[in-house]
There are 2 protein chains.
Amino acid sequence: MEAVATRGRPREFDVDKALSAALRVFWSKGYEGASLTDLTEAMGITRPSLYAAFGNKEALFRQALDLYEREKLAYVGPALAQPTAKAVARHLLEGALANCTSDCEPGGCLAVISSTACGQEAECIRAEVLSRSRKIHDLFLARVTRAIEEGDFNIPVEAEAITKYLTAVLQGLAVQAGAGSTREELQRVVDTTLAVWPGR
Amino acid sequence: MEAVATRGRPREFDVDKALSAALRVFWSKGYEGASLTDLTEAMGITRPSLYAAFGNKEALFRQALDLYEREKLAYVGPALAQPTAKAVARHLLEGALANCTSDCEPGGCLAVISSTACGQEAECIRAEVLSRSRKIHDLFLARVTRAIEEGDFNIPVEAEAITKYLTAVLQGLAVQAGAGSTREELQRVVDTTLAVWPGR
DNA sequence: CTCATTATATACCGCTCGATATGGAAGCAG
DNA sequence: CTGCTTCCATATCGAGCGGTATATAATGAG
């Protein structure tokens, strides 16, 4: 894609590692809460290096968001491939729980953190995150629609309603994880959600 | 409580109305997202007047939080006084829904917005909000404990688990309301939660 | 009236923000 | 080696932040 420079001084840092470090900062502090000083210190590089490699703060965030979707939200695809609605729900809940309560990563969910209101500087960031969340929502909605046709539910449900219901639980998990709840406590929330799940 | 000044120039603005306006700004932009310029413009007063009347930005936020609890979270008390766990849940869900999707108020929940991660300037604000949230949580937990003793559930449940489960749904409602979901969509989430509720 | 007291209005403070200009160090082509 | 390119380090930019000093206007006490 991008031509490798054959001349000039080579980079002294690993772009992937730096982006990973930036992701962790955004994840724990949000877009506006993460200052360039926070970012450069965590990434181990200087400001000009950051701007040369990633463009600016907003572009860096988008690339961090790409990384987040690619690595941390990888569980969504296999979860949607489960054979029943309840199995889908279980995999989504367990995946979100693992993602939100990792020992070596920040608590909570980057998307939930970044989509809560903040200053107007972050409005376009908010829009970007909401747009990406909607895409995942639509995939989930299609899966639930199929599950209804396949008779996975034992009560009458609307696809949109059950989709947004489980999304709400997942978002609540993220909020509580960010607020400091332990994995054991959140595991019980997951178990409860599955215990009341209306179908197979 | 406070002695009325008998001398000096009288105030030209209504303190309660100004605080109400400040609450709306914090509610829609969060603590750090709300600048003093945003606040003073919405309140219709100047900076020195704000500092004379409320102390500083943090003190203003705490007073706005008091107002929020007193007026916008007033539904919690009556909800917990309902006779069955399901009625409690219904009143909490409907109250939260009304609070999060009012036509004349910002979307979402001030507590959820303020407890999501941001810069370190807001750390003590976060702690304050989390502390207050825990108090409400404890009231709710005690009510659920009583409901279990009274046989309101038709599956085996732990009080802490069901409490945090419903809290998660409520928080998810707030996140979705802040993200722009309509009241009709969120009403269906409420209905779904009640439809799968395990007991009376 | 005068005087003390309090509120408002304007301008400004130091600080941090995101973003850059500048100069030198490090590499490859010839 | 020279010449060119790219990266790193330092210092700095203008803007906005929370907060305030100062001066003026408006009231009641005497």
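Naming: A, B, ... by sequence-line order, numbering from 1 per chain.
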Participant: Would you sort out whether B:Leu186 and B:Val190 count as a side-chain contact (heavy atoms from CB on, under 4.5 Å), showing the intermediate values?
Facilitator: CA-CA 6 Å; B:Leu186 298 183; B:Val190 169; 5.7 Å; no

Participant: I'd like to know if B:Arg11 reaches the base of C:dA7 with its side chain such that a donor and an acceptor end up less than 3.5 angstrom apart.
Facilitator: no

Participant: What's the CZ-C1' distance between B:Phe13 and C:dA9, to the nearest Å?
Facilitator: 14 Å

Participant: So if you build clusters from Ile, Leu, Val, Met, Phe, Trp, Tyr with side-chain heavy-atom gaps below 4.5 Å, do A:Ile113 and B:Val112 land together?
Facilitator: no

Participant: Going by an N to O cut-off under 4.0 Å, is there a salt bridge joining A:Glu123 and A:Arg126?
Facilitator: yes

Participant: Return the value, rounded to whole Å, for the distance between atom CZ of A:Arg9 and atom P of D:dT6.
Facilitator: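 About 14 Å, once rounded to whole Å.
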
Participant: Between A:Glu41 (CD) and C:dC17 (P), how many Å, whole number?
Facilitator: 10 Å

Participant: Does a salt bridge link A:Asp38 with A:Arg24, judged by any charged N lying under 4.0 Å from a carboxylate O?
Facilitator: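 Here A:Asp38 does not pair with A:Arg24 in a salt bridge, since their nearest N and O are not under 4.0 Å apart.
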
Participant: Looking only at atom types and distance, does a side-chain atom of B:Ser131 sit under 3.5 Å from a main-chain N or O of B:Ala127, one as donor and one as acceptor?
Facilitator: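 No, because the side chain of B:Ser131 does not come within donor-acceptor range (under 3.5 Å) of the backbone of B:Ala127.
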
Participant: Using a 4.0 Å cut-off on protein heavy atoms (strictly under), produce a 5'-to-3' string for nucleotides 13-21 of chain D with B for base contact, S for backbone-only sugar-phosphate contact, and - for none.
Facilitator: ----SBBBB

Participant: Once you round it to whole Å, what is the distance between C1' of C:dG18 and CZ of A:Phe26?
Facilitator: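 The answer, rounded to whole Å, is 12 Å.
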
Participant: Using whole Å, what does the distance between atom P of nucleotide C:dG27 and atom CD of A:Glu12 come to?
Facilitator: 7 Å

Participant: side-chain contact (heavy atoms from CB on, under 4.5 Å) with B:Glu58: which residues, sequence neighbours excluded?
Facilitator: B:Tyr31, B:Asn56, B:Arg62, B:Cys124, B:Ile125

Participant: Rounding to an integer number of Å, can you tell me how far A:Ile45 CD1 sits from C:dA19 P?
Facilitator: 14 Å

Participant: When you measure from the side-chain N and O atoms of B:Ser49 to the phosphate of C:dT8, is any distance below 4.0 Å, counting only OP1 and OP2?
Facilitator: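 Affirmative; the distance criterion is met.
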
Participant: Whole angstroms only, please: what is the CD-P distance between A:Gln120 and C:dG18?
Facilitator: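 Answer to the nearest Å: 15 Å.
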
